[in-house]
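Structure first, then comments.
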Protein chains: 2
Amino acid sequence: MANMRATPADDDQPDRWEAQLRKGALEMAALASLWKGRLYGLEIIRFLERHSRLVLAEGTIYPILNRLKTEGMLTSEWVEAEAGHPRKYYSLTDAGRKRLRLMAEAWVSFSQGLSQLLEPVMDTKEISQ
Amino acid sequence: MANMRATPADDDQPDRWEAQLRKGALEMAALASLWKGRLYGLEIIRFLERHSRLVLAEGTIYPILNRLKTEGMLTSEWVEAEAGHPRKYYSLTDAGRKRLRLMAEAWVSFSQGLSQLLEPVMDTKEISQ
DNA sequence: GCACTATACATTGTTATGCGAGGTATATGG
DNA sequence: CCATATACCTCGCATAACAATGTATAGTGC
C-alpha cells in the first residue's frame, strides 16, 4: 500500500518532483561519500542523510554500488563486525576519484546553468513576498 | 551485461552520467523558460540551450509540456505564424508560477547540499592538479 | 537451544521518464 | 508536385529509483 495517491486535483506534494530532481545525482553522491575513506552500505546511506539532504533506500544504494564496482570505480572488502552481520566496505579506486572529479565539475557547471535560469524566479520571490 | 559499450577500460564518457544528472530538473527548466513570457515548443528548446546547458529532444519537451498543462501549470494557445506551421504558445498559470517558486527553492537547497558534499572533492582538484 | 530482535547485504518487480525514431500538418521555392 | 523547412506529436525501448521482500549473522532472555 505504498503510493495510493488520491486527490488528483490540487495536489502540490513537493515530494513528487523533488524526487525527480534528485535522479542521477545519486551515483555522484555515493562516490562523494567515500572521498574521505571507506564506508559500508548502510553507513553510506546515513552519511548522505547527514551531510546532504539525500535519503536513499537500501534498494537504491546497493544497485548503485554494484554498478560502480562493475565499472571499476570502487572496490569492496568484507570486514567482520564486532557484533552482527559482517560489513562490506567500499573504497574509491583511482578511476573512481578521477570520475568523481569530472562529475563534480559537470555538476557545478550544470547547477550554475540552472541557477542562472532560476535567477529571475528567485528575484521575484524576494521582492513580492 | 546488457550494455554492449565498447572500450570498457578508461571509458570516461561524460554523457552517460551527465544525462542522468539532468533528470528531473527538466520540468523545472521548462517552467522557468516561460517565466518572462510565452514561448512555443521548439522555442523552449532553443531557449534552454542558450540560457543553460540543457539540450532537450522534441520527444522530451512535448510530453513534459502536456504533463504540465494537464496539471494546470500552464496554458496553451495556437498562434498562426507568418509562414509555416502554426505555433502552440505556452504560458505559465498562477499555479505554475507558484510551483516554480517552490521548485526553485527546493533546487537551491538540494544543490547546496550536494555542493557541500562535493567541497572536499573540489578542494583537492584545485590543489593537486 | 529456541525464540526474538537487530544489523547488514541482496534481489525482484513496479513505475516513471528521457529520448530516438518516425509520423503529420502547413507553407515556400524551383 | 516534389523537395525543403518549420513545427507539433506519438510510440516504444532502455534506464533507474525504490518499496517490498528475503537471507545471513550474532546477541539476549529464558
Side-chain angles (χ1 to χ4, degrees), chain A residues 1-5 11 13 15-30 38-49 53-71 74 76-90 110, chain B residues 1-5 13 15-30 38-49 54-71 74 76-90 110:
Chain A
M1 70 89 78
N3 249 338
M4 199 172 294
R5 323 185 63 238
D11 183 344
Q13 280 186 286
D15 307 12
R16 238 185 68 76
W17 42 264
E18 193 168 12
Q20 300 317 316
L21 209 62
R22 305 174 322 181
K23 272 192 184 176
L26 304 187
E27 207 167 293
M28 180 175 67
R38 71 179 191 184
L39 299 174
Y40 65 93
L42 292 185
E43 209 174 2
I44 292 176
I45 292 179
R46 294 186 204 116
F47 181 92
L48 291 178
E49 214 156 325
R53 318 186 90 239
L54 298 176
V55 181
L56 313 212
E58 298 180 37
T60 301
I61 196 65
Y62 289 115
I64 288 177
L65 290 172
N66 282 329
R67 214 157 64 222
L68 290 170
K69 187 180 173 185
T70 300
E71 295 173 24
L74 40 84
S76 64
E77 50 178 339
W78 284 103
V79 176
E80 293 194 20
E82 294 180 15
H85 194 282
R87 296 161 176 172
K88 201 177 198 175
Y89 278 86
Y90 292 90
F110 169 72
Chain B
M1 191 51 98
N3 245 343
M4 199 173 292
R5 324 182 60 237
Q13 279 186 288
D15 306 12
R16 237 185 68 78
W17 44 262
E18 193 168 12
Q20 300 317 319
L21 209 62
R22 305 173 321 177
K23 271 193 185 177
L26 303 188
E27 208 167 291
M28 180 176 67
R38 71 179 191 182
L39 299 174
Y40 64 92
L42 291 185
E43 210 174 2
I44 293 176
I45 293 180
R46 294 186 205 116
F47 181 92
L48 292 177
E49 216 156 323
L54 298 175
V55 181
L56 315 210
E58 298 180 37
T60 300
I61 195 65
Y62 290 115
I64 288 178
L65 291 173
N66 283 327
R67 213 157 64 221
L68 290 170
K69 187 181 172 184
T70 300
E71 296 172 24
L74 40 84
S76 64
E77 49 177 339
W78 284 103
V79 176
E80 293 193 19
E82 293 181 16
H85 195 281
R87 294 159 177 173
K88 201 178 200 173
Y89 278 87
Y90 292 90
F110 168 73

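Owing to the predicted nature of the structure, the values given are computational and were not obtained by experimental measurement.
Rounded to whole angstrom, the span from the NZ atom of K88(A) across to the P atom of dA24(D) amounts to 15 Å. Here dT6(D) presents its C1' atom at 16 Å from CD1 of I44(B), a figure rounded to the nearest Å. Here the P atom of nucleotide dA16(D) and the CE atom of M28(A) are 15 Å apart, to the nearest Å. Rounded to an integer number of Å, the gap from L42(A) CG to dT23(D) P is 18 Å. Across the protein-nucleic acid pair, L48(B) atom CG and dG18(C) atom P stand 13 Å apart, rounded to whole Å. One atom, CG of N66(B), and another, C1' of dT17(C), lie 14 Å apart when rounded to the nearest Å. To the nearest angstrom, C1' of dC9(C) lies 15 Å from CD1 of I64(A). A straight line from CG of L26(B) to P of dT15(D) spans 18 Å, rounded to a whole angstrom.
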Shorter than 3.5 Å, N or O on both sides, protein versus nucleotides 23-30 of chain C: list them out with atom names.
none

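Checking Y62(B) against T60(A), the closest nucleotide of DNA chain D that is more toward the 5' end is the one next to Y62(B). Both L56(B) and G59(A) lie near DNA chain C, and the one whose nearest nucleotide falls closer to the 5' end is G59(A).
You'll find the side chain of Y89(A) stays beyond 4.5 Å of the side chain of L74(A), heavy atoms only.
Here Y40(B) reaches the OP1 or OP2 of dA7(D): one of its side-chain N or O atoms lies under 4.0 Å away. Between R87(B) and dC9(D) there is no side-chain N or O to OP1 or OP2 distance below 4.0 Å. For the pair R46(A) and dA8(C), the criterion of a side-chain N or O lying under 4.0 Å from OP1 or OP2 is met.
Distance check: I64(B) CD1 to L26(B) CG gives 5.0 Å after rounding to the nearest 0.5 Å. Separation of atoms OG1 (T60(B)) and CD1 (I45(B)) is listed at 8.0 Å; rounding is to 0.5 Å.
Using a 4.0 Å heavy-atom distance criterion, Y89(A) is classed as making no nucleic acid contact.
For the residue pair P86(A) and W78(A), the shortest heavy atom distance occurs at O-CZ3, 3.6 Å. Of all heavy-atom pairs between E27(A) and L68(A), the closest is CG-CD2, 3.6 Å.
Note on residues 77-88 of chain B: pairs passing salt bridge (Lys or Arg N to Asp or Glu O under 4.0 Å), not counting sequence neighbours, are R38(B)-E77(B).
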Trace of the side chain to side chain contact (heavy atoms under 4.5 Å, CB included) decision for L54(B) with F47(B): CA-CA 9 Å; L54(B) 298 175; F47(B) 181 92; over 6 Å; no
